[in-house]
Every structure is written in C-alpha cells, then in structure tokens.
Amino acid sequence: MQSRPTNKTVEAKRERSAGVGRERQEVARFESLVGELSAAMARVPADEVDREIESWLGKICRALDLDRSAVYERDSPDQPVRATHTWVRPNFPPFPKNYDPEKLIQRSTELVMSGKTLVFARPSDIPVENQDTRRFVEKYGPKASAAIPMWAGGRVIGAASFGKFRSPRKWPSELLDQLTMAVRLFSSAIERKQSEIAIRAVRSELRVASRRNVMSELVASLSHEINQPLGAILSNLGGVARLLTQGNPQPAMALEAVNSAIEDTKRTAEIVRRIRSMFKNQVEHKAPIGIGGLIGEVVKLTAGEASVRKIAVQIEVSPSGQRVIGDSIQLQQCVLNLVMNAFDAITEARSPRRDVVIKVAPEKIGWAGVSICDSGGGIDPAVAKRLFEPFVTTKTDGMGLGLLVTRSIVESHGGRIWASPNTDQGTTFTFTLPVAEKKRAVASRRIG
Ligand code: ADP
C-alpha cells in the first residue's frame, strides 16, 4: 500500500525543487557575469589590472549575495602571502587589522597555497582538526566561505576568498566551477601585469646601460681633449714658478700660489682619470651566456613594436647553440640597437616585405657571429662610410649614437662589427663574439 503524501512532505518537496531552480538561475546568471569578466580582463591595460580586479570582487560578491572577498598574492614560495585586493560590503566587518592569513588561518592557507580549494557552507562543516580556521570563524564570524587557489605557469601564485557573514550558503559544484574560472581570469591578468612590470624593469636597465655606454664614449673624448691643455698648463706653471724664484721680491708667496695651481691642475687630471675608469666597460660582468636565449629576450621586448609596425621577426640559432662570453645587459643593448635600426629601415622604406631575421652561426673557430638581416631600403650612401661615427644619422629624431655604442660594446668583448648590403634587399649587420667553450665537434675532429 502506498502512503499518500502529507501536506508537509509536498511542501518540503516543492521548496526543494524551488531551491534547485533558484540555484540553477543563480549559476546561469553568474556564468554570463564570468563571460563579461573574461572580456573585461582581456581588454584591461596592465596598469589598471588591480583596480579592475577590485571592482570585479565587488560585482561577484553582489551577484552571489556575499559580503567580503579578497585576493592574496605570493611572489615566490618563500615569500609571505599578503592580501592585495579586497572588497567588503558597506557596513560589514572589515578584514582584521594587520590581517595575516598565514598566522590567523595557517593550516587553511597552507592547504590553499598547495592547490586545494576549501569551502564550507556553514561553520560546523569545518573539519575539527582544522582548529585555527574554526577559531577564526568563531571570532570573526563568516558563516560560509570559499577559498580558491590562483594558478599561473604551473604554480600557485596566490588565492581568492569569498565569504558570507549574514547566513550560511551552499556552494553548488557548477557555481564553484564558475568561481574557479573567475579566479583563473584574475590570475592571468595578474600574471600579465607582472610580466609587463618585469619587461619595464629590463627596459629601464637597458636604458641605463645605454646611457652608461654613451657616457663612456663622451668621457673618453672629453678626457682626450682636456688632458692636452692640462699638460700644457702644468708645464707652463712649472716654468713660471722657476722664473719667480729668480729675483722675485716675495718668492715664497709666488711659489705657494703657483704650487697650489699645480696641485689644482693635477687634481683636475685625477678627476678626469677617475670618471673615465668609472665608465670604462667593466670586465667583471662578463660570463658564459646562451646568445640564442638572450636574443629571444630582446625579441620579446620588441614584440609590441614589431606588431605595431607589422614586422615579422625570426630567430635562427645554429644547432651548436652558441654560448659566448659577455656581459648580458650590454649584449642585449647591442642586439636591441640593431633590431630597432632594422625596424626603422623597414618602416622608412615602406617595404612590402617586412621581415627581420636574426641568425647565430659559428664564425671562425672560437667565434660566434650574430647577424641581423632586414628587408629595408639599404644604407644611405651619404653615411655609408661614417656609420659608426658619433652623431651620424639620417633620421629626423635620430641621435646617431646607437651604432657607436654597439661597436664600443662589441669591441670591448674582443669582437668586430660590420654592415653589408643584402643581395636582394636591405642590410645585414653582423658582429662577432668569443664562444665560451670549444665545440665538441671541433675537438673530436682534431682528436680523430
Ligand atoms: P640613429 O639610429 O640614432 O640614427 P645609429 O648610430 O644607430 O643612430 O645609426 C646611424 C645611421 O645608420 C642611421 O641614421 C641610418 O642612416 C643608418 N643605419 C643604421 N642601421 C641601418 C639599417 N639597418 N639599414 C639602413 N640604414 C641603417
């Protein structure tokens, strides 16, 4: 015999199915919000990523009727986890003062930072062994929470947490999937912002290196210019001092004045000498480096410029994978100068073929050759013989120092640099560098 459903069970069933319907609607609404988030994160410039994330934390909380949320970041596994973005519903408890998740909820932080998602729908769901989180929840009062790790490049770089204070709430798995997707969008935007910051740092380092090299050249010529007259002053003053001692009424005074002039002159010469040695290319930064990797870095740095100018850049490194001896910052500067010149030549020529090929190939034994081949209009005959001289330029906004600096760096590494016209179109600049170790192929050929 089948028992007839009572009013109460019918009511309960109806409520359950209404609840499921509401959950589905919430998931569907949230899914479309995550779609909007995805479009917003793809558009946002690196400088505005932080502001955008904070505003989206608010949108997510309002959409899911939550009260507080935060994004945490950690620069590397041995660095502290810190809250970088937060949102709190107006009139709700803010984050505890000096909030340090690693102290307050150590166990949970460890678990999330190891890649686990932690959720509780009500405080009694928190496992008893997770004492610190239970204590935290008792003291600070969230009734439901979801903490989701933030992955980037195969490691956890932080986490995002979402909490409700007014009542418990369930986290259906579809909703959690969407929330995880939102956190993933945050992490890729943060990753993009961080790589932009890193690229800017390298660029400014290169600018400093470039300035140092320009200064080196300028100081070299300055000291050459100044040392000659200084030598003359020195010998003239010495003569005057000698004259003054012959029948001068106050020889001691004259002598003192002249001697101090001599001292000043010597000091000036010493200053020039010191400035020169300060800006001399420093040998101590030289180390074995993979030139292919270094070129790859420069190509990455100039990728934005290449795409704006619609230029394709190709790298071809010979299989022997050259390792050279050099100062990586200075050599990046060389490649950067030559690549930018190649871009300028192609832009200037309005060439329909728009490509730059950077090749690394063995030169004579013990040397690698790096060549930058462009499809520009070739070198202007008016400057062809003076390319590497200071202030020689055909560009309206050119300084005419790039090739001079490049040559100075290459020569301080013991190498040579030259330009040659391509047979079809454009120019190839080639420079040589000493390789770090003798290639095995050469060694075995000699043995055999
Ligand atoms: P700048 O780029 O400021 O002019 P550089 O010393 O780097 O200074 O270059 C000097 C000149 O050499 C350029 O103005 C240009 O006329 C010429 N030049 C350099 N690279 C190329 C190239 N790849 N193709 C044609 N001309 C070039």
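As the structure is a computational prediction, the values presented were derived from the model and not from experiment. Order of listing sets the numbers, starting from 1, for every ligand and every atom in it.
- Ranking protein heavy atoms by distance to atom 23 (N) of ligand 1, first place goes to D374 OD2, 2.8 Å.
- Taking a 6.0 Å sphere around CG of D78, one finds it holds more than 12 heavy atoms contributed by other residues, nucleotides or ligands.
- The protein non-hydrogen atom at the shortest distance from atom 8 (O) of ligand 1 is G400 CA, 3.3 Å.
- Close approach to G402 involves these atoms of ligand 1, each under 4.0 Å from a residue heavy atom: 5 (P), 6 (O), 7 (O), 8 (O).
- Taking every non-hydrogen atom of G378 and a distance limit under 4.0 Å, the qualifying atoms of ligand 1 come out as 25 (C).
- In terms of protein heavy-atom proximity, atom 15 (C) of ligand 1 is closest to T394 OG1, 3.5 Å.
- In this comparison of T396, L387, V405, the heavy atom closest to atom 17 (C) of ligand 1 sits on L387.
- On a distance-only criterion, N341 and ligand 1 share at least one N/O pair closer than 3.5 Å.
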Problem set entry | side chain to side chain donor-acceptor pair (under 3.5 Å) between E54 and T86, worked out | CA-CA 6 Å; E54 227 143 60; T86 54; 4.6 Å; no

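- Ligand 1 has an N or O atom lying under 3.5 Å from an N or O atom of L403, backbone or side chain.
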Exercise. Taking it one step at a time, do Q330 and Q332 satisfy side chain to side chain donor-acceptor pair (under 3.5 Å)?
Worked result: CA-CA 5 Å; Q330 291 187 351; Q332 278 192 351; over 6 Å; no

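- Each of the following atoms of ligand 1 lies closer than 4.0 Å to a heavy atom of T393: 1 (P), 4 (O), 14 (O).
- Across all their heavy atoms, F165 and Y140 have their closest contact at CE2-O, 3.2 Å.
- Among L338, N337, V392, T428, the residue whose heavy atom lies closest to atom 11 (C) of ligand 1 is V392.
- Nearest to atom 2 (O) of ligand 1 among the protein's heavy atoms is K395 NZ, 2.6 Å.
- Looking only at side-chain heavy atoms (C-beta outward), R416 and F431 stay at 4.5 Å or farther from each other.
- The side-chain heavy atoms of I190 and E73, taken from C-beta on, include a pair separated by under 4.5 Å.
- Of all protein heavy atoms, the one closest to atom 24 (N) of ligand 1 is A345 CB, 3.4 Å.
- When hydrogens are left out, the protein atom nearest atom 26 (N) of ligand 1 is I379 CG1, 3.6 Å; that is the closest non-hydrogen contact.
- Side chains of T133 and S108: a donor-acceptor N/O pair is present below 3.5 angstrom, by distance only.
- Of all the heavy atoms in R354 and T347, the pair that sits closest is NH2-CA, 4.1 Å.
- The residues D380 and K395 are annotated as not salt-bridged, no charged nitrogen and carboxylate oxygen being separated by less than 4.0 angstrom.
- Remark: E348 CD is loosely packed, at most 12 non-hydrogen atoms of other residues, nucleotides or ligands lying under 6.0 Å away.
- Using a non-hydrogen distance threshold of 4.0 Å, T427 registers as a contact of ligand 1.
- Within the 4.0 Å heavy-atom shell around ligand 1 one finds F429.
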